[in-house]
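Okay, structure first, notes after.
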Protein chains: 2
Amino acid sequence: MNLPATAQKFIVHWGEMGARWGINRSVAQIHALLYLSPRPLPADEIAETLAIARSNVSVGLKELQTWGLVRVTHTLGDRRDHFDTSSDVWELFRVIIRERKRRELDPTLALLRECVSEAKVSESKQLPHLDERLEAMLEFMELTDAWGERAAKLAPKNLRRLAKLGDSIFKLAE
Amino acid sequence: MNLPATAQKFIVHWGEMGARWGINRSVAQIHALLYLSPRPLPADEIAETLAIARSNVSVGLKELQTWGLVRVTHTLGDRRDHFDTSSDVWELFRVIIRERKRRELDPTLALLRECVSEAKVSESKQLPHLDERLEAMLEFMELTDAWGERAAKLAPKNLRRLAKLGDSIFKLAE
DNA sequence: TCATTATTTCTGTAATTTCTGAAATTTGGG
DNA sequence: CCCAAATTTCAGAAATTACAGAAATAATGA
């Protein structure tokens, strides 16, 4: 595909942002392209459009599928797999939250719970407040986890509605 | 310093998590150590405790200072710089939000605004919905930005209170 | 079944990032 | 102002990650 300059700019930036958040640049670019595309794209078209090796696209698409961000579709008269992603940013947000929670937050919670129970019994001279600090961190992660859980359950439309309530929500805290 | 096993576990995990979020492993470990420490630590003690080169600690601490996460302090009779970080997780959260907003969200918003105004005028045959998609993304980022802004302004105590309101807030959206 | 096309896996290379130890610079006390 | 301690800078080594192209595998339909 021949990309308009605007789309190129967006895709390149998306790749850079992905890299800053621990997502491989090409993977982020593939996702950005699919997000802009009005139709599912076959892997070779992605490779050609982004000027990366076909094999890389294959790996990137697998990765995006493990995140639940990309689906395979087929069309009559074409043997090739076609790939697409949701065009709803709130849905994408939901999926990413769910997955990062599963991959990172849950293991961190498990570890923190272990650490907290260990720290309670064994006092350390070097780190006298170890248990307090770990407990504070655990509380933070548990609250984050609960928010993630709830956000992941909400329908995209409601998530958007909630986001728009911003001001009134923050007033609750003052 | 001689680290208790529990503290080691936490620091190692923190390093791995940092790496997944685009933070250098040693940098994240330094921060984790300072978080657990009851007192500011001099750089050489950090290097020794984490078994990394002194020069590396220097660079890592500089990086943490640019994030606003670490301060330098001094004590009488010791020429060395001592470093510490907030022991309040909500304060840390606030600082990180503020900084990621500044570094990543703000530039992304600027770019998206550019893209949206370009896309409005120049129609693309390949990507007929380009403008819609970019506008949806812009709206998402603007809302995220507004939440970040508000969260960064809130006092740590209020941030915690708000986090604990979780359930009742999400009910608003249904 | 066979030929063709599509996809994935694998291997080596390139690029990037991280890290160390030495050298240079800065700081503060005497 | 000089010395010693502390810190930073820097260049290269080590490790990791990303990537391309070839080879292998799988799928399709004639």
Side-chain angles (χ1 to χ4, degrees), chain A residues 1 11-34 39-67 70-84 103, chain B residues 1 11-34 39-67 70-84 103:
Chain A
M1 200 196 304
I11 290 169
V12 167
H13 184 83
W14 212 243
E16 284 165 5
M17 283 303 115
R20 293 218 191 178
W21 288 78
I23 309 294
N24 177 285
R25 194 165 48 91
S26 321
V27 172
Q29 286 183 354
I30 293 169
H31 185 255
L33 173 60
L34 292 178
R39 61 184 166 87
L41 299 177
D44 46 6
E45 195 171 343
I46 297 172
E48 188 214 314
T49 306
L50 300 178
I52 58 184
R54 174 68 184 74
S55 57
N56 261 338
V57 173
S58 184
V59 173
L61 286 167
K62 270 273 142 60
E63 168 84 3
L64 285 165
Q65 282 171 280
T66 70
W67 277 80
V70 160
R71 305 179 281 287
V72 188
T73 64
H74 294 94
T75 45
L76 256 142
D78 193 337
R79 284 173 49 184
R80 296 173 304 175
D81 293 345
H82 288 60
F83 300 89
D84 78 343
R103 296 183 183 202
Chain B
M1 197 196 304
I11 290 169
V12 166
H13 184 82
W14 212 242
E16 285 166 3
M17 282 304 115
R20 291 218 192 182
W21 287 78
I23 310 294
N24 175 286
R25 194 166 47 90
S26 319
V27 172
Q29 287 183 354
I30 293 169
H31 185 255
L33 174 60
L34 291 178
R39 59 184 168 88
L41 298 178
D44 45 7
E45 194 170 344
I46 298 173
E48 188 214 313
T49 306
L50 299 178
I52 59 184
R54 173 68 184 73
S55 57
N56 216 4
V57 173
S58 185
V59 174
L61 286 168
K62 270 274 142 59
E63 167 85 4
L64 285 165
Q65 283 171 280
T66 71
W67 277 81
V70 160
R71 305 179 282 287
V72 188
T73 64
H74 295 94
T75 45
L76 256 142
D78 193 337
R79 284 174 50 182
R80 296 174 302 174
D81 293 345
H82 288 60
F83 301 88
D84 78 342
R103 297 182 182 202

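All values reported here derive from a predicted model rather than from experimental measurement.
- Looking only at side-chain heavy atoms (C-beta outward), L50(B) and V57(B) stay at 4.5 Å or farther from each other.
- Rounded to whole angstrom, the span from the CZ atom of R54(B) across to the C1' atom of dT9(D) amounts to 12 Å.
- With rounding to whole Å, D44(A) atom CG is found 16 Å from dG21(D) atom C1'.
- Nearest-nucleotide positions on DNA chain D place I23(A) closer to the 5' end than the other of S55(A) and I23(A).
- Here R79(B) lies in heavy-atom contact (under 4.0 Å) with a base.
- Atom CD of Q65(B) is separated from atom P of dT7(D) by 11 Å (rounded to the nearest Å).
- In this structure, CG of D78(B) is placed 19 Å from P of dA4(D), rounded to the nearest angstrom.
- The distance between atom CG of D81(A) and atom P of dA26(D), rounded to the nearest whole Å, is 15 Å.
- Checked by atom type, the side-chain pair T75(A)/R39(A) shows no donor-acceptor distance below 3.5 Å.
- Residue G60(A) comes nearest to I30(A) through the heavy atom pair CA-CD1, 4.1 Å, listed as atom of the first residue, atom of the second, then distance.
- With salt bridges taken as basic N to acidic carboxylate O contacts below 4.0 Å, one links R71(B) and D84(B).
- Among the nucleotides dT8(D), dA20(D), dC19(D), the one closest to any side-chain atom of I52(A) is dA20(D).
- Between R20(B) and E16(B) there is no side-chain heavy-atom pair separated by less than 4.5 Å.
- In this structure, NE2 of H74(A) is placed 17 Å from P of dA26(D), rounded to the nearest angstrom.
- Phosphate proximity of dC19(D) to R25(A): present, with a side-chain N or O under 4.0 Å from OP1 or OP2.
- Nearest heavy atom pair, residue A32(A) against residue W14(A), reads CB-CD1, 3.5 Å.
- Atom P of nucleotide dT7(D) and atom CD1 of I46(B) are separated by 10 Å, given to the nearest angstrom.
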Next item on the list: Under the salt bridge (Lys or Arg N to Asp or Glu O under 4.0 Å) rule, what do R80(A) and E45(A) come out as? Steps first, then yes or no, please.
Entry: CA-CA 11 Å; R80(A) 296 173 304 175; E45(A) 195 171 343; 5.7 Å; no
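- Of the candidates dT7(D), dA22(D), dT9(D), the closest approach to any side-chain atom of R80(B) belongs to dT7(D).
- Regarding N56(A), its CG atom lies at a distance of 16 Å from the P atom of dT17(D), rounded to whole Å.
- Taking a heavy-atom distance under 4.0 Å as the criterion, the stretch of DNA chain C touched by chain A extends 5' to 3' from dT4(C) to dT9(C).
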